[in-house]
Amino acid sequence: MGVFPLSKEYREQLADRLQDVMDIRNVLDPLAFLRKEVLAHYPGQDKRVLPQRGETPFFEIFIRNLELSAWAVRPPIIVALMRAFQPVYDYNQDIQEILEEGPYQCHPQNQPYYVCRVLMELPLIGRAQTRLASVDFERGMKITKSEGKRILRVFGPSQSGKTHTLRFFEYLAAVQPLKFGVMSIDFGNTEMVTQAADASIPIELFLAQQLEAQVNRRRGELIAEKATPAGEFPDLMAIVDAIPEPHLFKPLTDSQQRLRWSSELAREFVDHVIYRLDPVPQYWVAVFDNCEKASPEAKEFLRQLVTQAAGIASESGSVARADEGSLRIVLLGDSQELLPPSIYANHVRTDDLNQQNLGVTDLEQYFRVFSRCRVELDEPRIAALAAESLNKANEIQAKDATIPRPRALADAVSEKSLALEALAAQKGGANGS
């Protein structure tokens with residue numbers, strides 16, 4: 001098989017067989033089938049991997065999206081899809097290969113922060129401050145006596161790469177599962193307010209419960225994996241059984257004391273969700289996207305979480321607690337008002353994407369890292385690929401001036417690197433043969 005990247009023929013085979021399985025089972029609603037049989041144990045992933053309404057060919061796009069998300073969750077969702085084919089089609093050998101090979105690696109050995117692509121078609125170019133933040137997140141006064149950062153703020157114009165930050169930390173969590181766990185909230189999702197209202201709970205409590213569900217899900221996966229014989233796939237029900245019971249958060253009883261309750265809720269979340277049980281993973285990275293779209297109450301809860309992660313400048317005990325803790329926070333978008341005046345600023349790192357000045361040096365670095373982990377290239381070839389990618393990005397922008405520079409460079413680099421991998425796969429034997 002060769003595992004990732006999947007060949008076009010192999011994707012088409014999976015799409016055809018998915019249709020066969022649905023026909024045999026007389027499935028009338030493909031979306032309901034996929035949500036129940038493939039995505040049931042992957043909360044929130046349906047919004048990422050299901051094609052948009054009207055996209056065709058639907059099944060091929062769905063399988064491609066599963067491939068692109070292979071390192072975002074464990075076990076990869078494409079494994080759940082292959083298991084759903086049974087007993088009509090037997091993919092046990094392919095599943096075994098995927099589980100043994102692990103995530104599609106795009107970083108040099110022991111240097112994951114040098115990742116060149118955070119998804120198969122999403123290169124990470126430049127972003128020195130974000131990469132440094134991943135190293136900072138591992139440092140702490142308790143262990144090294146050096147001062148690490150706890151908060152990363154990433155802001156910039158539309159399509160400048162802010163959301164790539166979440167994919168970056170998801171990648172780190174996939175290749176270092178005992179070190180990093182990731183939970184995320186996107187305030188661009190307008191359904192959250194409605195969902196909280198339907199549940200008759202304040203938005204702050206809804207957020208705490210959503211974050212906890214992600215933490216507990218990951219812990220359940222790790223527990224199930226630990227109990228599974230080497231090389232075998234943990235049963236999905238074993239993961240469900242291993243998920244810890246949710247914590248019963250203190251409810252809001254007096255709206256006049258909502259600020260105090262929000263502060264207590266943040267502390268309760270850290271004490272009873274992040275710090276409880278074994279310290280695995282070592283660090284939890286909470287990524288909040290579209291921060292400017294959060295409601296005032298949600299912003300207050302975020303401010304309290306930021307305080308828990310960074311500490312209060314005037315309180316040494318608060319800072320020491322943050323130094324010894326395992327909570328890290330990434331704020332994407334306009335997040336200035338989420339930093340309380342009392343925050344310990346030395347625990348905050350900023351990545352201002354308005355200041356990006358990406359050029360040929362960044363592209364050379366991309367292909368240099370690409371060479372160390374994907375397809376071997378010499379320095380003259382690296383320089384040539386960088387120059388060609390820069391020219392291609394210029395052509396893209398010349399045709400459509402609305403395309404931002406980071407997007408044009410990413411598209412140009414993807415075209416080059418995917419072509420190199422396709423050629424290497426052709427020489428080495430494609431999957432699905």
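These numbers come from the heavy atoms of this one structure, side chains and all, not from hydrogens, waters or symmetry mates.
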Per-pair distances, 0.1 Å, donor-acceptor, side chain in residues 387-395, under 3.5 Å, sequence neighbours excluded:
unit_1	atom_1	unit_2	atom_2	d
Glu388	OE1	Lys416	NZ	3.0
Ser389	OG	Leu385	O	2.8
Asn391	ND2	Ala387	O	3.4
Asn394	OD1	Arg405	NH1	2.8
Asn394	OD1	Arg405	NH2	3.1
Asn394	ND2	Leu390	O	3.3

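- Applying side chain to side chain contact (heavy atoms under 4.5 Å, CB included) to Val215 and the options Val182, Ile243, Val273 leaves one that passes, Val273.
- Residues Phe155 and Asn354 are in side-chain contact: their nearest non-hydrogen atoms beyond the backbone lie under 4.5 Å apart.
- Side chains of Met183 and Val287 form no contact here, defined as non-hydrogen atoms less than 4.5 Å apart.
- Applying the ring-ring contact (aromatic ring centres under 6.0 Å, His included) test to Phe249 and every residue at least two apart in sequence or in another chain returns His247.
- Thr163 and Asp289 form a side-chain donor-acceptor contact under 3.5 Å, judged by distance and modelled atom types alone.
- The one candidate from Tyr114, Tyr366, Phe168 that meets the side chain to side chain contact (heavy atoms under 4.5 Å, CB included) condition with Leu124 is Phe168.
- Between the side chain of Gln282 and the backbone N or O of Phe180 there is no donor-acceptor pair closer than 3.5 Å.
- Electrostatic pairing of Arg153 and Asp351 does not count as a salt bridge here, judged by no charged N lying under 4.0 Å from a carboxylate O.
- Using a distance-only test at 3.5 Å, with no hydrogens or angles considered, no donor-acceptor pair links the side chain of Ser262 to the main chain of Arg258.
- For the pair Ile78 and Leu14, the minimum side-chain heavy-atom distance is below 4.5 Å.
- Qualifying ring-ring contact (aromatic ring centres under 6.0 Å, His included) partners for Tyr344, counting only residues two or more places apart in sequence or in other chains: His347.
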